[in-house]
Each structure stands twice: as structure tokens, then as C-alpha cells.
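If you're wondering where the values come from, they're calculated on a predicted model, not measured in any experiment.
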Amino acid sequence: MSDDTHARAMMASPMMEQFNKKLEDKGVTPLAYWDNGPQLYTANVPLIMPDDFRGLKMRIQGSKVLDAVARQLGALPQIIAFGELYQALQTGVVDGEDNVASNISTQKLYDVQKHLTVSNHGRLTYSLITNKKFWDGLPADVQPGLDRAVKETTAFFNDTAAKDNATAMETIKASGKTQIHVLTDTEKQAWIAKLMPVHKEMEGRFGKDFIAQIYKASGFVPPQS
């Protein structure tokens, strides 16, 4: 199965129902999750094996998980706003970053990054949420229409994002400014082995059982140590 298939299988699994229930217990109703596609790495040096990250200043979003990933790879994580990313890459404030293809294309990050690795190491997903009390209090004749609108919008978003990412990859290739590398199966396994300690570390934050459910729902089989 493809990475997209694995991701969608996980999002449609019973695990997400349990996750949503935890949010509802906090007064939040998750209406939908919008998938903007897989994350790719860019840098001014080739990122083929995990050791290639060592010493690089990599831009990340503010996240304990992303920080741990960068550090495990031997990189120096730097939190930088998306709107400031192009200039940060252009001036060398950071050496690289990760993003979905459409963002790399629309922001023209390929102008200031010589290499792109199709790593598919994560996904950019948006949550559409609302206040549970508000949502449950909507009139009975209003809520079904909104439910239908959310469902249709979600399908449209996911389809559009997939098409935009495919078009973006063609744009990046056509620019001739960025060399694209697709990880081989052997290289992927090296990345997975390198990053497994982050999974272990995050058990303390999310719970061992929850991570095990993610493995099961996505079809991921951890490597045997």
C-alpha cells in the first residue's frame, strides 16, 4: 500500500473514534481532518541517510515531536514562522526545512534549496473543530446540512490537496533548481531505525497503548532491534 493509503486507513480507524472522544471530553468536537499530504525535506546538501542531517540548522514548527525528530537526526532545530521561512533559507539562518510539495512550490522554496528528498516522513493534517456545547445546541434542522457541508468540503479539500501536491512536484522538477531524490526502501529503513527512539520517547507523552494503536491502524511494523 502507498503512504497515502496507510494514512487514510489510520484516519478511518476506530483509533480515531477514541481520540475524538478524548477531545469531546474536553469540550471540543472534531468535525473533520483535512489531509494536506506527506512532508518532504529540503536542504542545500543531499539528505539521503540520517547522518546527512548532522549539524544542519533545520527549521521546524513549534512541536515537541518535531524537535525530538530533528535532534535525533543530529540536526539543530530552529522554530521559524512560515512567512519568514524563504528569507531564513535564503540568508542561511537555517540550512533546510520540511513541508508538503504545494507549500514548497507556492513559496518558491526551491529557489533557495538545492536538494529535495521525497521522504514522506510525516503528514500535514488540519483539524476542523468546534465547541461541543455550541455544536450540540444547533437546531435539529440545521445540523444535518452542516454535517453534509463538512463531509463534502473534506472530500474536496483532500482531492484538491493531492492534485496540488502532484502539480507542485512537476513545477519543482521543471524549475531545474532543485535536485529531487526519492528514498529507496533500504534508505527508508535506515531512517525508520534512526527515528524509532523518538517513538519510545513519545510514549511518555502520548502513552504506549496509543502509539501501539497508531501502528496497528496504519499498518506499521516496528523493526526488530
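In this structure, CD in Q107 is found 9.5 Å from OG in S102, a value given to the nearest 0.5 Å. A distance of 10.0 Å separates CD of Q78 from CG of D67, quoted to the nearest 0.5 Å. Separation of atoms CG (L40) and CG (L183) is listed at 10.0 Å; rounding is to 0.5 Å. Once rounded to the nearest 0.5 Å, the distance linking CE of M10 with CE of M16 reads 6.0 Å. Taken from CD1 in I192 to CD in Q189, the straight-line distance is 4.5 Å, to the nearest 0.5 Å. Separation of atoms CG (D147) and CG (L31) is listed at 7.5 Å; rounding is to 0.5 Å.
Aromatic pair F220/H6: centroids not less than 6.0 angstrom apart.
With sequence neighbours excluded, the residues forming a ring pair (Phe, Tyr, Trp, His ring centres under 6.0 Å) with W34 are F157, listed by chain and number. Every residue two or more places apart in sequence or in another chain was checked for a ring pair (Phe, Tyr, Trp, His ring centres under 6.0 Å) with H115, and none qualifies.
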> Which is it for K163 and D159 under the salt bridge (Lys or Arg N to Asp or Glu O under 4.0 Å) test, yes or no, and what are the steps along the way?
Replying inline: CA-CA 6 Å; K163 290 177 180 176; D159 183 56; 3.1 Å; yes

> Hey, mind stepping through I104 and E97 against side-chain contact (heavy atoms from CB on, under 4.5 Å) and telling me if it holds?
Replying inline: CA-CA 10 Å; I104 294 170; E97 56 86 48; 4.0 Å; yes

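The side chain to side chain donor-acceptor pair (under 3.5 Å) pairs that include a residue from residues 194-205 are H199-Y215, where partners are two or more places apart or lie in different chains.
Between Y41 and F53, the two ring planes are perpendicular [angle over 60°; tilted spans 30° to 60°].
When atom types are taken as modelled, the side chain of Q39 and the backbone of V100 share a donor-acceptor pair closer than 3.5 angstrom.
Contact between Y110 and S105 at its shortest, heavy atoms only, is CE2-O, 3.7 Å.
Side-chain atoms of L109 and L85, non-hydrogen and from C-beta on, do get closer than 4.5 Å to each other. Side-chain contact check for T29 versus F134: every heavy-atom pair is 4.5 Å or farther apart. Within the 4.5 Å cutoff, the side chain of L47 has heavy atoms near those of the D52 side chain.
Within a 6.0 Å sphere centred on CD of Q61, other residues, nucleotides and ligands contribute 12 heavy atoms or fewer. Applying the 6.0 Å contact sphere to CD of Q87 captures no more than 12 heavy atoms from other residues, nucleotides or ligands. Around the CD atom of Q90, the shell of radius 6.0 Å holds more than 12 heavy atoms that belong to other residues, nucleotides or ligands.
Taking the charged nitrogens against the carboxylate oxygens, R123 and D4 do have a contact shorter than 4.0 Å, which makes a salt bridge.
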